[in-house]
Amino acid sequence: MENRLSRYIWKHTSKQQLYILLVVAISMIPYFMSFDLPKQIVNGPIQGKGFEGGGATQTFMQIAFDLPWIGNVELFSGFELGRFGMLYALSGVFLVLVVINGLFKFYINTYKGRLGERLLRRIRFELVDRVLRFPPSQFKRTKGAEVASMVKDEVEPLGGFTGDAFVSPALLGGQALTALFFIFVQNLWLGMIAAFMVGIQGFIIPRMRRRLLVLGRERQLTARELSGRVSEIFDGIGTIRGYDTTNYERADIAARLGRIFKIRYDLYQWKFLVKFINNFLASVTPFLFYVVGGYLALNGQLDIGQLVAVITAYKDLPGPLKELIDWDQTRQDVQVKYVQVVEQFSVEKMIDKAMQEVAYDDVPPREEPLSAVNLSLVDDSGARLLSGVSMQIMPGETVAVVGTAAAGGEALADAFARLIWPETGKVTFGKDDIMALPDSVTGRQLTYASAEIYLFQGSLRDNLLYGLKHAPLKPALYEGAAETQRKWDLHEAHLAGNPDYDIKGDWIDYKAAGAEGPDDLPKSVRAALDAVQLSKDVLDLSMRSIVNPADYPGLAERVVTMRQALRDELEKEDLSSLVVPFDPEAYNPEATVGENLLFGSAVGPQLMGPAIGKNPYFRSVVARTGLDVILYDMGIEIAENAVDLFSDLPPDHPFFQQLTFMTADDIPQYQVLLQRLKGKRFEEVVPEDQVKIIRLSFLYIEPRHRFGLLTRELMEKIVEVRKAFHAGLPEDLKDAIEPYDPSRYTPSASLLDNVLFGRISHKHTDGSERIRTIIGELLQARGLYDDALTIGMEYNVGAGGRRLTSVQRQKLGMARAIIRQSTHYVFNRPLPGLDHRVQLQIVRDTLDLIQKREQNASIIWVLSDNALAELFDRVLVFDKGKLAEDGPHAKLVEKGGIFRELVS
């Protein structure tokens, strides 16, 4: 990037700058004319100059000029107007000039804004492009939040200045010089006074503002450091809370904010001092005009029209002059910011741009060995990780890498993935140095996965298929207005130096996943998920998902038919009591009292949560049937039982996990409430307390809480009230609830609830697990398993994948690696969080999947569990940064060296 911002701006916008400068030059003509008109209006029609005689007229809009050797040429003779006519005509011209000047300003400012935003887009893209080409070591030295702050905030003023870089001095300088020239034309002395005061302002103010630049730089640096520190707090919150250092962090942030406050306060003081002096100097000049100009007018050396014109012209002089001084300060300020940004993004050993050029064509498999040639690696501190290692991995070979802690095997895997660059020696792919190969080769032929998996915010599917998105292989279809918008977007991207890749196109390389197209992709997805044992997790996510049937045509009907299939399967396995179905004519003892009353899913705010207890219609129904008193008495008993049983238990006692209607923190509150309500009848209790008590009965489940409060008569009464509630449901509440219907899908309920259409019995301790197993088998048998996985794949994993467990993230990282076909696979301790049995199964399934799909693909696996080395053709043993042993598992065990000690 250029070192000077002005040079960078001119390099990329010179044609547009020349065009707008021409427009600025043309705009000076009506601007100058608007200064002269007030003088003509005052001296002519108003004071009567040229209208001395009765019925006198003057020519308006005559267009004539003298040419050498030709003489006078008249293009238009004009109109003869009287005094009043000339007044109206000149005033109309003045209004037209005001409109023209305003339109010029509107066009110039709009063009400048578009030009600035376009260059800001270019700068931001170029900075992010440089981040993508940073060497690996740079990411360890730089905080991501600081880089993001620079890209987002610190370059923002650069875009705003782009349009002003050349246009503003031309426009403002032109306006100031035009006004100054006009004043000189009217009177030399007044012109000299104006020029003298302008010179003082132009000399003093910029020098005073240099202090503002220094303070501005300090403010920018401290704000950037604050951003990085806040990011550290966010990422390290577990450590901070775990070691009780929250107050230390508060003290650190307070100190940083105090420094920023001092800098900003000094900045404001100096800024307004400069503004005061500037305004004072600007106000002195009109004073001199009135004194000197008035004296000259009284002596007859200056007419009133000229004085008015001079004062009017000067009124427009301080504005452009002040803005010009402001422009100069902004220029210096953005130059400083630009230099700081360029320095931050100009790093050594940056990856060549050509290495990351998009490749649309398939990269043919390179069945060539992967080798380390006298390879030595060091970390950022200079500590040696690997020393003079030479080895070769042949196509089709499976290699286990084992060693003691920090032995060097992990560093070798990182070198294969180009995450660590060689200190000496090299890594070769065939005969080529891996550092000289473009990303389109290494990024497709070499697949790497480790435990340090990063997931992008988005769906599980987006993250799983991320490694297949190399290029927009199939463009998106646009029609009508969308096609026009797309062409405009491409045009703007080209002008801003951005690539014309279409993010809405199809980027998935189906061939690399072993699929023919989108319809064939689920098979590859299923195989990858099964290999890493993630399918069950994805199925659980889909079962917990609330699915809109419109997004999956035919799903609702198939789920409804599965309800009976589930009942039949349970009867076949003598597990009919495992699920208690919803029956419109009966009470479901495994559901809450509230669920039985509503017999539907609340979707409107009128009936959701605590709101139902305050809903007038609901209260009228339960009051009319007397159920409100019954539920209140039931709630009192629940509260008394809970307080008696749990008030002496610590908050972390496991019994509270069963107490769904009350938390440990609620116990003291209900103790106080029971004391207040003691001896009071239902009618004497305020509505707020009634709702608090009845809420407990709403959440009560007899088989779970076992207080013996639900009699057969009460259950029958609740069913009757339910029917009355739905029968008289007013129009404004019909959209607030989706009634349970055995023949219909409930869109607001989860997929599992729709399949069950009931509740799992609490009599079976492993009921949930058994139901999930049976439903999984049913989905397989009915051909719905892939559809269910597709729903689970839409689950949003959250920022950094934090909505998944650490084990699920590791499994997803493995699945993302093995779903695509490569020549070499490098796995660097990808599953450290799993026990031996699970790791063994995943390693076996992964080896089997890759070897069946690609017979000549090599697999290099840095093991977390050394006992798994027997699954591989060859074992590399590292110790203290050197390759200590190399050979088949059986021979190394027989040899009795370091490897035998590691696996024993």
Side-chain angles (χ1 to χ4, degrees), residues 358-367 395-396 438-449 456 458-479 501-535 538-539 541-542 551-555 558 776 779-795 811-825 845-859:
V358 64
Y360 293 93
D361 299 330
D362 292 335
V363 177
R366 295 182 51 164
E367 297 179 353
D439 285 5
S440 58
V441 174
T442 59
R444 305 184 193 188
Q445 301 291 317
L446 303 176
T447 293
Y448 175 86
F456 299 93
S459 70
L460 197 148
R461 170 189 168 86
D462 292 337
N463 281 279
L464 179 65
L465 303 181
Y466 187 76
L468 301 172
K469 299 177 180 180
H470 310 299
L473 301 177
K474 185 178 180 182
L477 297 178
Y478 297 92
E479 296 179 359
Y501 311 143
D502 186 0
I503 191 63
K504 295 183 179 179
D506 193 348
W507 287 68
I508 298 174
D509 187 352
Y510 297 101
K511 187 176 180 181
E516 297 296 327
D519 297 335
D520 197 32
L521 186 61
K523 289 192 300 184
S524 300
V525 170
R526 174 77 181 278
L529 295 178
D530 286 345
V532 300
Q533 298 187 12
L534 191 60
S535 299
V538 177
L539 184 62
L541 294 176
S542 69
D551 297 334
Y552 300 92
L555 176 69
R558 289 182 290 174
L779 291 171
Q780 290 271 28
R782 302 177 74 86
L784 293 173
Y785 197 92
D786 287 341
D787 292 336
L789 284 183
T790 301
I791 294 171
M793 294 282 285
E794 297 305 318
Y795 180 79
K811 288 181 177 180
L812 182 55
M814 276 292 296
R816 182 166 71 186
I818 65 176
I819 195 173
R820 67 180 200 164
Q821 299 179 2
S822 297
T823 306
H824 297 279
Y825 293 85
D845 291 346
T846 300
L847 292 174
D848 185 58
L849 173 66
I850 295 175
Q851 289 177 324
K852 282 184 178 179
R853 190 178 61 191
E854 305 141 86
Q855 296 180 353
N856 290 323
S858 72
I859 302 171

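Pairs of residues two or more places apart, or lying in two chains, never qualify as side-chain hydrogen bond (donor to acceptor under 3.5 Å, both in side chains) while including a residue from residues 464-474.
T447 has its side chain out of reach of I818: every pair of non-hydrogen atoms, C-beta onward, lies at least 4.5 Å apart. Side-chain contact between I791 and Y795 is absent, with no heavy atoms from C-beta onward closer than 4.5 Å. Side-chain contact between D530 and D845 is absent, with no heavy-atom pair separated by less than 4.5 Å. Taking the side chain as every heavy atom from C-beta outward, Y501 and W507 approach each other to under 4.5 Å. Within the 4.5 Å cutoff, the side chain of Y510 has no heavy atoms near those of the S524 side chain.
To the nearest 0.5 Å, atoms CG (L468) and CZ (R816) are separated by 10.5 Å. The distance from the OG1 atom of T846 to the CD1 atom of I859 is 8.0 Å, given to the nearest 0.5 Å. Once rounded to the nearest 0.5 Å, the distance linking OG1 of T823 with CD of E854 reads 8.0 Å. Note that CG of L555 is 7.0 Å distant from CG of D787, once rounded to the nearest 0.5 Å. Note: F456 CZ to D462 CG = 11.0 Å, rounded to the nearest 0.5 Å. Expressed to the nearest 0.5 Å, how far CZ of R820 lies from CG of L464 amounts to 12.0 Å.
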Can L529 and I819 be said to form a side chain to side chain contact (heavy atoms under 4.5 Å, CB included), step by step? CA-CA 9 Å; L529 295 178; I819 195 173; over 6 Å; no

Assess whether side chain to side chain contact (heavy atoms under 4.5 Å, CB included) is satisfied between D506 and L473, documenting all intermediate values. CA-CA 6 Å; D506 193 348; L473 301 177; over 6 Å; no

Using the side chain to side chain contact (heavy atoms under 4.5 Å, CB included) rule, take H824 and Q445 through it: C-alpha gap first, then chi angles, then the decisive distance, then the call. CA-CA 6 Å; H824 297 279; Q445 301 291 317; over 6 Å; no

Could you check S822 against R444 for side-chain hydrogen bond (donor to acceptor under 3.5 Å, both in side chains), going step by step and ending with a plain yes or no? CA-CA 6 Å; S822 297; R444 305 184 193 188; over 6 Å; no

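At least one donor-acceptor pair under 3.5 Å links the side chain of K811 to the backbone N or O of Q533. A donor-acceptor contact shorter than 3.5 Å is absent between the side chain of N856 and the backbone of G396.
Shown here for A528 and A815, the closest heavy-atom pair between the two residues is CB-O, 4.0 Å. For the residue pair L460 and G792, the shortest heavy atom distance occurs at CB-O, 4.3 Å. Residues Y825 and A817 approach most closely at CE2-O, 3.8 Å, considering heavy atoms. Scanning all heavy atoms of the two residues, the minimum distance from Q821 to G514 falls at NE2-CA, 3.4 Å. The two residues A449 and G813 make their nearest non-hydrogen contact at CB-O, 4.2 Å. When all heavy atoms of P522 and D519 are compared, the closest pair comes out as CD-O, 3.4 Å.
Considering only residues two or more places apart in sequence or on other chains, K523 meets the side-chain hydrogen bond (donor to acceptor under 3.5 Å, both in side chains) condition with D520. Here R782 pairs with nothing under the salt bridge (Lys or Arg N to Asp or Glu O under 4.0 Å) rule; sequence neighbours left out. Annotation: side chain to side chain contact (heavy atoms under 4.5 Å, CB included) contacts of T790 (sequence neighbours excluded): Y552. By the side chain to side chain contact (heavy atoms under 4.5 Å, CB included) test, T442 pairs with R418, I434, L437, D439, L446, sequence neighbours left out. Under the side chain to side chain contact (heavy atoms under 4.5 Å, CB included) criterion, Y785 pairs with R526, S535, L539, L779, Q780, L789, not counting sequence neighbours.
Within 6.0 Å of CZ in R558 there are more than 12 heavy atoms belonging to other residues, nucleotides or ligands.
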